[in-house]
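Report on one structure; see the data block that follows.
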Amino acid sequence: MERNLRSVEDVLELLDGLFAPEADRWTAGGASWWDGFYADRSRQVPFFVAKPDENLVSYLDRGLLRPGRALDLGCGPGRNALHLAARGFTVDAVDLSPVAIAWAEERAREAGAEVRFHRGDAFALTGSGARAGTGPGSGPGSEAGTGAGKEPGSVAAAALGGPYDLVYDSGCFHHLPPHRRISYLALLDRVLAPGGHLALSCFAAGAMGSELPDADFYRTDGGRTPQLHGGLAYTPESLRRIFADLVEVELRRMRDEPPGSPRFGEPFLWTALFRGRLPA
C-alpha cells in the first residue's frame, strides 16, 4: 500500500503517469521521441528552417521588446535563440532533446553566436517545487553549453536562474497536458522579471491541435489510455484566462510567410505577447 502524496508536485507527477508512454512530450521520458523527430534534418518540417518567428521580429522592430536576458523554452534547433542573441539579448535556451541541442549548438557556432544551451527539463532547471533532479522530465546530468567556442556535449552549471526580461516559447506550451499549466505558470512566477514579457505561439483552435475539453484528456473509460493527440489547441479566450495575471500586449494569428521570406510564419498558430505586472 502506498500513501506517498504530500505535495502539489506529487499530484502532478501522478497525473503525468496516467498518460501513455508514447504520448509523453514533456518529461525526460519524452526526450527520445523528440530525438527521433529531430534526427533527420532533411525532413520538410516547417520550423526546421533557420528563420526566426515573424511575430518575434515584429515585436523587436516595433520596440515592444528591448534587449535584456531571455529564456527560450523548447528551443529546438535554436532559430529564435540565435535571433535574440543577434538582437542583443543574453540568451539561455533549453530543450529536452540532446539531438535538438546539438543541432542548435552547431548553428550557433556557424553564426558565431553566444547562446547558453541547456539539455533538460525547464521546470526542474528553473528550480520547481520538486527536489532537484526529481521534477517532471528531470534527469541526472542535465547539460549546458554555449554555442560559440564550445564543444558539443560540454557540461556546465545547468541552473536557469532568473530574472528574465523575456520568456519566449515557440510551440512548447501546446505540448503540455492540462495539469502541467500549473508548472508553467509557476515557472513564470519564478523567473519572469517584474514588467518582463512572455511571448508564445501555440496551436489555434479550428486550425491545428486537439479541441477536447481538459477533463476528457484524463478519462480512462473503455480501457483507453490518456493521449495528447499531437498537442492542445487554444482559443484567445482560453489564453487570456490562463495568463490572466499578466497584461495582454498583443494576441493575433501568426502571419503566413512565403518560402522566400527571412521569417517563419504559419497561420495555424496563435501568437501572444503578455507583460508581467510591476509591483504596486
Side-chain angles (χ1 to χ4, degrees), residues 26 47 52-76 79-81 83-84 87-94 122-123 125-128 160-209 214 231-255 263-280:
W26 67 95
F47 55 85
D53 290 342
E54 64 82 9
N55 55 298
L56 175 59
V57 176
S58 176
Y59 301 151
L60 293 166
D61 288 349
R62 289 183 287 154
L64 298 178
L65 297 176
R66 299 188 182 280
R69 295 191 69 211
L71 173 61
D72 187 359
L73 297 174
C75 66
R79 57 192 181 83
N80 290 305
H83 188 73
L84 287 166
R87 298 291 291 261
F89 284 81
T90 301
V91 184
D92 282 310
V94 60
F123 298 151
L125 293 178
T126 55
S128 71
L160 295 169
Y164 290 101
D165 303 291
L166 171 65
V167 174
Y168 195 77
D169 175 349
S170 183
C172 177
F173 178 70
H174 58 221
H175 286 297
L176 296 176
H179 64 278
R180 280 297 171 186
R181 290 186 210 126
I182 296 170
S183 303
Y184 194 96
L185 292 171
L187 181 153
L188 295 178
D189 285 342
R190 289 192 301 275
V191 306
L192 192 63
H197 289 84
L198 165 69
L200 66 85
S201 58
C202 64
F203 290 153
M208 185 168 285
D214 282 351
L232 279 61
Y234 288 89
T235 65
E237 293 73 25
S238 61
L239 291 173
R240 291 181 177 120
R241 185 164 53 252
I242 291 164
F243 298 108
D245 290 339
L246 304 175
V247 177
E248 179 184 331
V249 178
E250 182 175 279
L251 201 166
R252 62 170 174 82
R253 290 289 273 272
M254 184 177 276
R255 297 189 178 98
R263 297 172 295 275
F264 168 85
E266 291 287 351
F268 56 76
L269 298 167
W270 287 115
T271 66
L273 181 64
F274 295 97
R275 183 179 65 249
R277 299 180 189 276
L278 292 168

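Since we're looking at a predicted model, the values are computed, not measured.
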Exercise. Is there a donor-acceptor pair under 3.5 Å between the side chain of Arg277 and the backbone N or O of Asp245?
Worked result: yes
Problem set entry | Rounded distance (nearest 0.5 Å) linking atom OH of Tyr234 with atom OG of Ser201 | 12.5 Å
Exercise. Which distance, rounded to the nearest 0.5 Å, do you find between the CG of Leu246 and the CG of Leu188?
Worked result: 6.5 Å
For this session: Examine distances only and state if a side-chain atom of Arg255 and a backbone atom of Gly265 form a donor-acceptor pair shorter than 3.5 Å.
Result: no
For this session: Test Val94 against Leu125 for side chain to side chain contact (heavy atoms under 4.5 Å, CB included), laying out the working first.
Result: CA-CA 9 Å; Val94 60; Leu125 293 178; 3.8 Å; yes
For this session: Would you name the heavy atoms of Ala81 and Asp72 that are closest together and state the gap between them?
Result: N-OD2, 3.4 Å
Exercise. If you count the non-hydrogen atoms of other residues, nucleotides and ligands that lie under 6.0 Å from CZ in Arg66, is the total more than 12?
Worked result: no
Exercise. For the residue pair Leu273 and Ala199, what are the closest heavy atoms and their distance?
Worked result: CD1-CB, 3.8 Å
Seminar exercise, completed: So CG of Asn80 and CZ of Phe89: to nearest 0.5 Å the spacing works out to 11.5 Å
Exercise. Of the non-hydrogen atoms in Ala233 and Ala205, which two are nearest, and what is the gap between them?
Worked result: CB-CA, 3.6 Å
Exercise. For Pro52 and Val57, which heavy atoms make the closest approach, and how far apart are they?
Worked result: CG-CG2, 3.7 Å
Exercise. With a 4.5 Å limit on heavy-atom distance, are the side chains of His175 and Cys172 in contact?
Worked result: no
Exercise. Rounded to the nearest 0.5 Å, what separation is found between the CE atom of Met254 and the OG atom of Ser58?
Worked result: 10.5 Å
For this session: For Leu176, check side-chain contact (heavy atoms from CB on, under 4.5 Å) against everything at least two apart and list the hits.
Result: Trp26, Phe123, Phe173, Arg180, Tyr184
Exercise. Taking it one step at a time, do Phe47 and Glu266 satisfy side chain to side chain contact (heavy atoms under 4.5 Å, CB included)?
Worked result: CA-CA 9 Å; Phe47 55 85; Glu266 291 287 351; over 6 Å; no
Problem set entry | Asp214 atom CG, neighbour heavy-atom count above 12 within 6.0 Å | yes
Problem set entry | Nearest-0.5 Å distance that lies between atom OG1 in Thr271 and atom CG in Leu239 | 10.0 Å
For this session: Give the intermediate values and the outcome of side chain to side chain contact (heavy atoms under 4.5 Å, CB included) for residues Arg240 and Phe243.
Result: CA-CA 5 Å; Arg240 291 181 177 120; Phe243 298 108; over 6 Å; no
Exercise. Quick one: is the NZ or CZ of Arg252 closer than 6.0 Å to the six-membered ring centre of Trp270, and within 45° of its axis?
Worked result: no
Exercise. How would you list, by chain and number, every residue that makes a ring pair (Phe, Tyr, Trp, His ring centres under 6.0 Å) with His174, sequence neighbours excluded?
Worked result: Phe203
Exercise. Rounded to the nearest 0.5 Å, how far apart are CG of Leu187 and CD1 of Ile182?
Worked result: 14.0 Å
Exercise. Is the backbone N or O of Arg69 less than 3.5 Å from a side-chain atom of Asp165, with the two atoms forming a donor-acceptor pair by type?
Worked result: yes
Problem set entry | Minimum heavy-atom distance between Leu84 and Ala70, given as atom pair plus value | CD1-CB, 4.1 Å
Exercise. Is there a donor-acceptor pair under 3.5 Å between the side chain of Thr126 and the backbone N or O of Ala122?
Worked result: yes
Problem set entry | pair Val191-Val167: side-chain heavy atoms closer than 4.5 Å | yes
Problem set entry | Steps toward side chain to side chain contact (heavy atoms under 4.5 Å, CB included) verdict (Phe264, Leu269) | CA-CA 11 Å; Phe264 168 85; Leu269 298 167; 4.2 Å; yes
Exercise. Asp61 and Arg87: salt bridge (Lys or Arg N to Asp or Glu O under 4.0 Å), yes or no, with the steps?
Worked result: CA-CA 10 Å; Asp61 288 349; Arg87 298 291 291 261; 3.0 Å; yes
Seminar exercise, completed: What one should report as the nearest heavy-atom pair of Leu192 and His197 is CD1-O, 3.4 Å
